[in-house]
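First the structure, in the form of C-alpha coordinates, and then the observations on it.
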Amino acid sequence: LYSHPNLGLLRLKLPKEKYLKLLERENRLSVKRFKELFGRKPEFLAFPYGDYDKLSVAFFKRTGYKLLFTQDRGSYSGKGILVPRMAIVGSQSGFKKFVKDLQVEPLPVKSHRPDYGVLKRNGVVVKFFIDFPQDYGNCAVYASKLGWRRAKKEGNEISSAEKLYFVKRKTRVGVRCYDKKSGRKAEFFFLTLVKKR
(Lines give C-alpha, C1' and ligand atoms only; values in the text may rest on other atoms or scores of the structure.)
Protein backbone atom coordinates (compact mmCIF):
# COMPACT_ATOMS: atom_id res chain seq x y z
CA LEU A 1 0.00 0.00 0.00
CA TYR A 2 1.06 3.55 -0.71
CA SER A 3 2.19 4.70 2.76
CA HIS A 4 2.69 1.20 4.22
CA PRO A 5 0.19 1.75 7.07
CA ASN A 6 -0.12 -0.63 10.00
CA LEU A 7 -3.65 -1.84 9.21
CA GLY A 8 -3.97 -3.96 12.36
CA LEU A 9 -3.42 -1.06 14.75
CA LEU A 10 -5.48 1.31 12.58
CA ARG A 11 -8.39 -1.15 12.55
CA LEU A 12 -8.38 -1.12 16.35
CA LYS A 13 -8.27 2.71 16.51
CA LEU A 14 -10.51 3.92 13.69
CA PRO A 15 -14.27 3.65 13.25
CA LYS A 16 -15.30 1.38 10.38
CA GLU A 17 -16.13 4.25 7.96
CA LYS A 18 -12.77 6.01 8.47
CA TYR A 19 -10.91 2.72 8.16
CA LEU A 20 -12.62 1.93 4.84
CA LYS A 21 -11.83 5.45 3.55
CA LEU A 22 -8.20 4.91 4.48
CA LEU A 23 -8.18 1.59 2.57
CA GLU A 24 -9.71 3.29 -0.48
CA ARG A 25 -7.14 6.12 -0.43
CA GLU A 26 -4.15 3.82 0.10
CA ASN A 27 -5.30 1.49 -2.65
CA ARG A 28 -6.06 4.30 -5.12
CA LEU A 29 -2.63 5.90 -4.62
CA SER A 30 -0.71 2.62 -4.74
CA VAL A 31 -2.55 1.42 -7.89
CA LYS A 32 -1.87 4.78 -9.55
CA ARG A 33 1.85 4.52 -8.76
CA PHE A 34 1.99 0.86 -9.81
CA LYS A 35 0.41 1.75 -13.17
CA GLU A 36 2.92 4.57 -13.66
CA LEU A 37 5.80 2.15 -13.07
CA PHE A 38 4.52 -1.02 -14.77
CA GLY A 39 1.65 0.03 -17.03
CA ARG A 40 -0.94 -2.24 -15.43
CA LYS A 41 -2.91 -2.84 -12.22
CA PRO A 42 -1.41 -5.07 -9.50
CA GLU A 43 -3.00 -8.50 -9.02
CA PHE A 44 -1.43 -9.36 -5.66
CA LEU A 45 -1.08 -7.46 -2.40
CA ALA A 46 1.24 -8.06 0.55
CA PHE A 47 -0.35 -6.57 3.67
CA PRO A 48 2.01 -4.11 5.39
CA TYR A 49 3.36 -5.86 8.50
CA GLY A 50 1.19 -8.83 7.48
CA ASP A 51 -1.86 -7.31 9.23
CA TYR A 52 -5.38 -7.90 7.97
CA ASP A 53 -8.96 -8.27 9.19
CA LYS A 54 -12.40 -9.04 7.76
CA LEU A 55 -12.92 -5.52 6.35
CA SER A 56 -9.53 -5.29 4.62
CA VAL A 57 -9.78 -8.79 3.12
CA ALA A 58 -13.29 -8.11 1.79
CA PHE A 59 -12.23 -4.68 0.44
CA PHE A 60 -9.16 -5.94 -1.45
CA LYS A 61 -11.00 -8.99 -2.74
CA ARG A 62 -13.77 -6.73 -4.05
CA THR A 63 -11.25 -4.42 -5.74
CA GLY A 64 -9.90 -7.33 -7.78
CA TYR A 65 -6.80 -8.69 -6.06
CA LYS A 66 -6.28 -12.40 -6.71
CA LEU A 67 -4.09 -13.18 -3.68
CA LEU A 68 -3.43 -11.37 -0.40
CA PHE A 69 -0.15 -12.14 1.40
CA THR A 70 -0.09 -12.18 5.22
CA GLN A 71 2.75 -12.85 7.65
CA ASP A 72 1.14 -15.90 9.18
CA ARG A 73 3.39 -18.94 9.49
CA GLY A 74 2.59 -21.91 7.32
CA SER A 75 2.52 -23.19 3.78
CA TYR A 76 -0.03 -22.24 1.15
CA SER A 77 -2.48 -24.99 0.28
CA GLY A 78 -3.44 -23.39 -3.05
CA LYS A 79 -6.92 -22.65 -1.67
CA GLY A 80 -8.29 -19.29 -0.61
CA ILE A 81 -7.20 -15.71 -1.11
CA LEU A 82 -4.99 -15.44 2.02
CA VAL A 83 -1.43 -16.67 1.50
CA PRO A 84 0.89 -17.21 4.51
CA ARG A 85 4.49 -15.92 4.45
CA MET A 86 7.12 -17.01 6.93
CA ALA A 87 9.47 -14.33 8.26
CA ILE A 88 13.13 -14.84 7.35
CA VAL A 89 14.58 -12.01 9.47
CA GLY A 90 16.33 -11.58 12.82
CA SER A 91 15.97 -14.65 15.04
CA GLN A 92 13.91 -16.28 12.27
CA SER A 93 16.76 -16.12 9.74
CA GLY A 94 19.55 -18.49 8.82
CA PHE A 95 19.80 -21.06 6.07
CA LYS A 96 19.08 -24.11 8.27
CA LYS A 97 15.93 -22.46 9.63
CA PHE A 98 14.90 -21.50 6.09
CA VAL A 99 15.26 -25.12 4.90
CA LYS A 100 13.26 -26.39 7.92
CA ASP A 101 10.48 -23.89 7.20
CA LEU A 102 10.30 -25.03 3.58
CA GLN A 103 9.40 -28.52 4.84
CA VAL A 104 6.31 -27.36 6.77
CA GLU A 105 3.13 -28.70 5.16
CA PRO A 106 -0.23 -26.89 5.07
CA LEU A 107 -2.64 -28.28 7.67
CA PRO A 108 -6.07 -28.69 6.02
CA VAL A 109 -8.09 -26.41 8.32
CA LYS A 110 -11.70 -26.01 7.17
CA SER A 111 -12.64 -23.43 9.79
CA HIS A 112 -11.54 -22.07 13.14
CA ARG A 113 -12.84 -20.19 16.16
CA PRO A 114 -12.34 -17.41 16.84
CA ASP A 115 -12.26 -16.12 13.28
CA TYR A 116 -9.47 -13.86 12.05
CA GLY A 117 -9.66 -10.11 12.60
CA VAL A 118 -11.02 -8.18 15.58
CA LEU A 119 -11.63 -10.47 18.55
CA LYS A 120 -15.15 -10.10 19.96
CA ARG A 121 -14.10 -11.08 23.49
CA ASN A 122 -10.84 -12.20 25.05
CA GLY A 123 -10.61 -15.49 26.90
CA VAL A 124 -11.49 -18.13 24.32
CA VAL A 125 -11.03 -21.82 23.75
CA VAL A 126 -9.34 -21.85 20.34
CA LYS A 127 -10.78 -24.47 17.96
CA PHE A 128 -9.65 -25.72 14.56
CA PHE A 129 -11.70 -28.09 12.38
CA ILE A 130 -9.58 -30.10 9.94
CA ASP A 131 -10.00 -32.45 7.03
CA PHE A 132 -8.48 -35.95 7.27
CA PRO A 133 -8.07 -35.90 11.09
CA GLN A 134 -6.88 -39.52 11.06
CA ASP A 135 -3.73 -38.40 9.21
CA TYR A 136 -2.55 -36.01 11.96
CA GLY A 137 -1.40 -36.38 15.54
CA ASN A 138 0.63 -34.78 18.33
CA CYS A 139 -1.10 -31.41 17.95
CA ALA A 140 -0.48 -28.14 19.80
CA VAL A 141 -2.07 -24.69 19.71
CA TYR A 142 -0.10 -21.42 19.65
CA ALA A 143 -0.74 -17.77 20.51
CA SER A 144 1.75 -14.88 20.46
CA LYS A 145 3.43 -14.35 23.86
CA LEU A 146 1.71 -17.48 25.22
CA GLY A 147 3.73 -19.92 23.14
CA TRP A 148 2.75 -23.49 22.31
CA ARG A 149 0.03 -25.05 24.45
CA ARG A 150 -1.27 -28.57 24.77
CA ALA A 151 -4.22 -29.32 22.49
CA LYS A 152 -7.11 -31.76 22.64
CA LYS A 153 -8.07 -33.66 19.50
CA GLU A 154 -11.52 -35.18 19.15
CA GLY A 155 -12.67 -36.26 15.69
CA ASN A 156 -11.93 -33.41 13.32
CA GLU A 157 -11.68 -30.80 16.12
CA ILE A 158 -8.41 -29.62 17.65
CA SER A 159 -8.80 -27.21 20.57
CA SER A 160 -6.78 -25.55 23.29
CA ALA A 161 -7.04 -27.45 26.57
CA GLU A 162 -8.15 -24.25 28.35
CA LYS A 163 -9.29 -20.71 27.61
CA LEU A 164 -6.54 -18.53 26.20
CA TYR A 165 -6.31 -14.85 27.11
CA PHE A 166 -4.41 -13.01 24.39
CA VAL A 167 -1.97 -10.41 25.70
CA LYS A 168 -0.76 -8.79 22.46
CA ARG A 169 -2.96 -6.41 20.50
CA LYS A 170 -1.88 -8.26 17.35
CA THR A 171 -1.90 -11.97 18.22
CA ARG A 172 -0.97 -14.71 15.78
CA VAL A 173 -2.89 -17.89 16.58
CA GLY A 174 -1.99 -21.25 15.16
CA VAL A 175 -2.12 -25.00 15.27
CA ARG A 176 0.62 -27.51 14.52
CA CYS A 177 0.19 -31.25 14.04
CA TYR A 178 2.47 -33.91 12.65
CA ASP A 179 1.53 -35.69 9.45
CA LYS A 180 1.58 -39.40 10.35
CA LYS A 181 2.57 -40.40 6.80
CA SER A 182 5.37 -37.92 6.08
CA GLY A 183 6.44 -37.23 9.68
CA ARG A 184 6.52 -33.50 8.84
CA LYS A 185 5.01 -30.58 10.70
CA ALA A 186 1.73 -29.29 9.29
CA GLU A 187 0.66 -25.80 10.38
CA PHE A 188 -2.06 -23.23 10.04
CA PHE A 189 -1.99 -19.67 11.48
CA PHE A 190 -4.19 -16.57 11.47
CA LEU A 191 -4.21 -13.07 12.99
CA THR A 192 -6.48 -11.75 15.74
CA LEU A 193 -6.69 -8.10 16.75
CA VAL A 194 -7.38 -7.55 20.44
CA LYS A 195 -9.04 -4.34 21.68
CA LYS A 196 -7.83 -2.84 24.95
CA ARG A 197 -10.17 -3.25 27.87
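Computed from a prediction, not measured in an experiment: that's the story for all the values here.
Around atom CZ of Phe132, no more than 12 heavy atoms belonging to other residues, nucleotides or ligands sit under 6.0 Å away. The environment of Lys110 atom NZ is dense: over 12 non-hydrogen atoms of other residues, nucleotides or ligands sit within 6.0 angstrom. Heavy-atom neighbours of Lys100 NZ from other residues, nucleotides or ligands within 6.0 Å: at or below the threshold of 12. More than 12 non-hydrogen atoms from other residues, nucleotides or ligands lie less than 6.0 angstrom from NZ of Lys54. Counting heavy-atom neighbours within 6.0 Å of Lys153 NZ, excluding the residue itself, gives a total above 12. Counting non-hydrogen atoms of other residues, nucleotides and ligands closer than 6.0 Å to OH of Tyr76 gives a total above 12. Within a 6.0 Å sphere centred on CZ of Phe59, heavy atoms belonging to other residues, nucleotides or ligands number more than 12.
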Side chain to side chain contact (heavy atoms under 4.5 Å, CB included) evaluation trace for Leu55 with Tyr19: CA-CA 9 Å; Leu55 289 175; Tyr19 182 70; 3.9 Å; yes

field: Audit row: Asp53, Arg11, salt bridge (charged side-chain N to carboxylate O under 4.0 Å, His left out) steps and yes/no
entry: CA-CA 8 Å; Asp53 71 301; Arg11 178 64 183 102; 3.0 Å; yes

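Going from atom CG of Leu146 over to atom CZ of Arg149 covers 5.0 Å, rounded to the nearest 0.5 Å. Rounding to the nearest 0.5 Å places CG of Leu164 at 16.0 Å from NZ of Lys145. One distance of note links NZ of Lys32 with OH of Tyr2; it measures 7.5 Å at 0.5 Å rounding. Interatomic distance, SG of Cys177 versus CG of Asn138, reported as 8.0 Å (0.5 Å rounding). Atom-to-atom distance recorded for Ile130:CD1 and Ser111:OG is 11.0 Å, nearest 0.5 angstrom. The CG atom of Leu119 lies 5.5 Å from the OG1 atom of Thr192; values are rounded to the nearest 0.5 Å.
For Lys152 and Glu157, the salt-bridge test fails: no basic side-chain N is under 4.0 Å from an acidic carboxylate O. Contact check on Glu36 versus Arg33 returns a salt bridge, with a Lys/Arg side-chain nitrogen under 4.0 Å from an Asp/Glu carboxylate oxygen.
For the salt bridge (Lys or Arg N to Asp or Glu O under 4.0 Å) condition, the pairs that include at least one residue of residues 79-98, sequence neighbours left out, are Lys97-Asp101.
Taking the centre of each ring, Phe129 and His112 stay at or above the 6.0 Å mark.
Smallest separation of non-hydrogen atoms from Asp51 and Leu9: OD2-N, 4.4 Å.
No continuous path of ILVMFWY side-chain contacts below 4.5 Å connects Val124 to Tyr142, so the two sit in separate hydrophobic clusters.
At least one side-chain heavy atom of Arg172 sits less than 4.5 Å from a side-chain heavy atom of Asp72.
In this structure, a donor-acceptor pair under 3.5 Å is present between the side chains of Ser3 and Glu26.
Judged as a side-chain contact (heavy atoms from CB on, under 4.5 Å), and not counting sequence neighbours, the contacts of Ala186 are Glu105, Leu107, Tyr136.
When atom types are taken as modelled, the side chain of Ser160 and the backbone of Ala151 share no donor-acceptor pair closer than 3.5 angstrom. The main-chain N or O of Pro133 is never found under 3.5 Å from a side-chain atom of Asn156 such that the two would form a donor-acceptor pair.
Classified by interplanar angle (parallel below 30°, tilted 30° to 60°, perpendicular above 60°), the ring pair Tyr116/Tyr52 is tilted.
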